Undergrad: 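Take this structure first; my questions come after.
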Amino acid sequence: MDVSDIHLEKALRESNATVNMLESKGGGPELMEAYVNRGCILYLMGYYTSAMEDLTAACEMMDEYESEGKEVDAGTYVKAHATMGSILFDQNSEPSEEYGYAISRLPDLHPGSKHFDREAIIRMCIESAENLLDGQSPEDASEFISKGISILGSSSDPWSMNRLLQLHTLMGECQLSMGDTRKAIDSYSEAIEIGTILVDNSTVEDMEEVVVPIISRSQCELELGLDDMYLSDTELAIELMEEMLKVNKLQDVEVLVHMHQDAASALMSMGRVEEAERHLMKAMTMGVHGAKDYIRDHGGQSF
């Protein structure tokens, strides 16, 4: 059992004691908070059914309080419903209704709300948006992304900028899914600008997060017939991925092979045959001999 498991086991024991004590006293707002706390711990431990039971009980109490005109903290409300959305998503069930409840209170959520600090809000927004995008609900996903971007504002510390990189890339995915290619380009461009700053400052957490919006923007440019811009972004993505390959940071070499092939095709259509052939040769070398041989032959770091 690792440290995190030990911590969760201890937290669960303490939470069980709190719930039992409050239940014996007849409940109240404290019990509602305790159900949310324990439900989140159970979720992290993989006990989905028990987690849903606690969170459902908490939500029923929230509905009762609000029907009586009592205010429920936005943090408690969002935490319960967003966590239920995550559980449903993990179980391959439809999560959009629960995320919809969470969205209704996002405007009231702020650092210092119950169950949330600034970083917790951002992590929740990113996870919720990713789940909703996977579930083909880009409109709802964009609500969480916009909230995350608004909380981060103009923060320039490395953690915040890495999260902004993720959020703007996700916003581009939302806009593309909703059919607005030009807005998607704007969001990907924002992500690329942030990624460039992170790379220049050597503070990027994952180079793949920088490459993804470049590739995505190139596909948008291809769709709009912006051939020169498409080729420029494709070659930039290739350059970055080749650097990642040299230091054994590129997880899927096939993506790089396909990018070389795409660049070759674009160059051929422009009549730039020699340049196209160079890309085809690189693609062929990687495809036939594999990444290890390619790195060795091109002076990079071997695996």
Side-chain angles (χ1 to χ4, degrees), residues 8 11 15 18-19 22 27-45 47-91 93-135 137-153 155 159-160 163-164 166-167 170-171 174:
L8 287 172
S15 188
T18 301
V19 169
L22 291 170
E30 294 83 3
L31 179 58
M32 177 181 67
E33 297 292 345
Y35 279 143
V36 173
N37 283 328
R38 189 172 70 174
C40 292
I41 294 167
L42 289 164
Y43 166 57
L44 292 173
M45 297 178 74
Y47 300 136
Y48 291 168
T49 300
S50 297
M52 286 295 284
E53 289 174 355
D54 273 357
L55 293 167
T56 299
C59 289
E60 289 173 352
M61 295 177 74
M62 291 180 214
D63 291 343
E64 182 180 344
Y65 290 151
E66 291 188 334
S67 69
E68 297 171 355
K70 300 175 182 176
E71 184 177 352
V72 174
D73 187 270
T76 304
Y77 192 92
V78 172
K79 186 69 172 181
H81 285 291
T83 303
M84 291 172 77
S86 295
I87 293 170
L88 291 170
F89 177 81
D90 289 346
Q91 293 182 316
S93 298
E94 175 53 56
S96 58
E97 182 177 3
E98 292 300 333
Y99 280 127
Y101 289 131
I103 288 168
S104 71
R105 295 297 302 276
L106 282 181
D108 303 322
L109 185 66
H110 57 83
S113 295
K114 290 183 178 179
H115 306 279
F116 285 100
D117 58 15
R118 177 176 175 273
E119 292 188 4
I121 292 176
I122 302 306
R123 287 193 294 269
M124 180 273 297
C125 286
I126 290 173
E127 179 186 339
S128 300
E130 289 175 339
N131 290 350
L132 285 162
L133 272 168
D134 283 347
S137 298
E139 296 90 348
D140 287 346
S142 68
E143 297 286 345
F144 285 99
I145 296 166
S146 294
K147 181 65 177 183
I149 291 172
S150 71
I151 292 290
L152 288 171
S155 301
W159 187 89
S160 296
R163 302 293 80 74
L164 281 168
Q166 290 178 281
L167 287 164
L170 287 170
M171 184 62 86
C174 288

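FYI, the numbering just counts along the sequence from 1. The basis for the numbers below is simple: all heavy atoms, side chains too, and nothing from hydrogens, waters or symmetry mates. Just so it is clear, the model here is predicted, and its values are computed rather than measured.
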Undergrad: Would you give the length of the straight line joining atom CH2 of Trp159 to atom CD of Glu119, rounded to the nearest 0.5 angstrom?
TA: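 Answer for the CH2-CD pair, Trp159 versus Glu119, is 4.5 Å.
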
Undergrad: Looking at every non-hydrogen atom in both residues, tell me the closest pair between Ala34 and Thr18 and how far apart they are.
TA: CB-CG2, 4.1 Å

Undergrad: Check Gly85 against Glu98 and note the closest heavy-atom contact, atom names and distance.
TA: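 Closest approach of Gly85 to Glu98, heavy atoms only: N-CB, 3.7 Å.
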
Undergrad: Which atom names give the shortest non-hydrogen contact between Leu55 and Gly39, and what distance separates them?
TA: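 Looking at all heavy atoms of both residues, the shortest contact is CG-CA, 4.1 Å.
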
Undergrad: So, taking the atom named CD1 in Ile121 and the one named CZ in Phe144, what distance separates them when rounded to the nearest 0.5 Å?
TA: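 Here the rounded value is 12.0 Å.
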
Undergrad: My understanding is that only residues two or more places apart in sequence, or in another chain, count here; which of them pass side chain to side chain contact (heavy atoms under 4.5 Å, CB included) with Ser150?
TA: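 Listed in chain order: Lys147.
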
Undergrad: Indicate the atoms forming the closest heavy-atom contact of Val78 with Leu109, along with that distance.
TA: CG1-CD2, 4.1 Å

Undergrad: So with a 6.0 Å cut-off around CD of Glu71, is the heavy-atom count from everything else above 12?
TA: no

Undergrad: For Tyr65 and Gly28, work out which heavy atoms get closest and say how close.
TA: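 For Tyr65 and Gly28, the tightest heavy-atom pair comes out as OH-C, 3.1 Å.
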
Undergrad: Just how far is it from atom CG of Leu44 to atom CG of Leu8, taken to the nearest 0.5 Å?
TA: 6.0 Å

Undergrad: Show me the donor-acceptor pairs, under 3.5 Å and distance only, between side chains in residues 122-132 and residues at least two apart or in other chains.
TA:
from   : atom 1 : to     : atom 2 : distance (Å)
Glu127 : OE2    : Ser86  : OG     : 2.9
Ser128 : OG     : Met124 : O      : 2.8
Asn131 : ND2    : Tyr99  : OH     : 2.9

Undergrad: If you look at every heavy atom in Ser137 and Ser96, which pair is closest and at what distance?
TA: OG-CB, 4.4 Å

Undergrad: Without hydrogens or angle criteria, can the side chains of Arg118 and Ser155 be said to hold a donor-acceptor pair below 3.5 Å?
TA: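 Yes, side-chain donor-acceptor contact under 3.5 Å.
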
Undergrad: Return the CG to CD1 distance between Leu167 and Ile151, rounded to the nearest 0.5 Å.
TA: 11.0 Å

Undergrad: Would you say that Ile149 contacts Leu152 through its side chain, given a criterion of any heavy-atom pair below 4.5 Å between the two side chains?
TA: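 Not touching, per the 4.5 Å side-chain cut-off.
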
Undergrad: Hey, mind stepping through Ser146 and Met171 against side chain to side chain contact (heavy atoms under 4.5 Å, CB included) and telling me if it holds?
TA: CA-CA 8 Å; Ser146 294; Met171 184 62 86; 3.4 Å; yes

Undergrad: Are Gln91 and Ser93 close enough that a side-chain donor and a side-chain acceptor fall under 3.5 Å?
TA: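 The criterion, which ignores hydrogens and geometry beyond distance, is not satisfied for Ser93 and Gln91.
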
Undergrad: Between the main-chain N or O of Ala74 and the side-chain N or O of Asp108, is there a donor-acceptor pair closer than 3.5 Å?
TA: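 Not a single qualifying donor-acceptor pair exists.
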
Undergrad: Taking side-chain hydrogen bond (donor to acceptor under 3.5 Å, both in side chains) as the criterion, tell me which of Thr83, Asp54, Asp90 meets it with Tyr43.
TA: Asp90

Undergrad: Calculate, to the nearest 0.5 Å, the distance between atoms OG1 and NE2 belonging to Thr76 and His81 respectively.
TA: 10.5 Å

Undergrad: For Met52 and Leu88: C-alpha separation, side-chain torsions, deciding distance, then whether side chain to side chain contact (heavy atoms under 4.5 Å, CB included) applies.
TA: CA-CA 9 Å; Met52 286 295 284; Leu88 291 170; 4.2 Å; yes

Undergrad: Let me confirm one number: the CG-CD1 distance from Leu164 to Ile145, rounded to the nearest 0.5 Å.
TA: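 Spacing of CG (Leu164) from CD1 (Ile145) equals 12.0 Å.
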
Undergrad: Is any side-chain heavy atom of Met32 less than 4.5 Å from a side-chain heavy atom of Met62?
TA: yes

Undergrad: Is there side-chain contact between Asn37 and His115, with at least one heavy-atom pair below 4.5 Å?
TA: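 Yes, close enough: below the 4.5 Å cut-off.
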
Undergrad: Do Tyr101 and Met84 have side-chain heavy atoms sitting under 4.5 Å apart?
TA: no

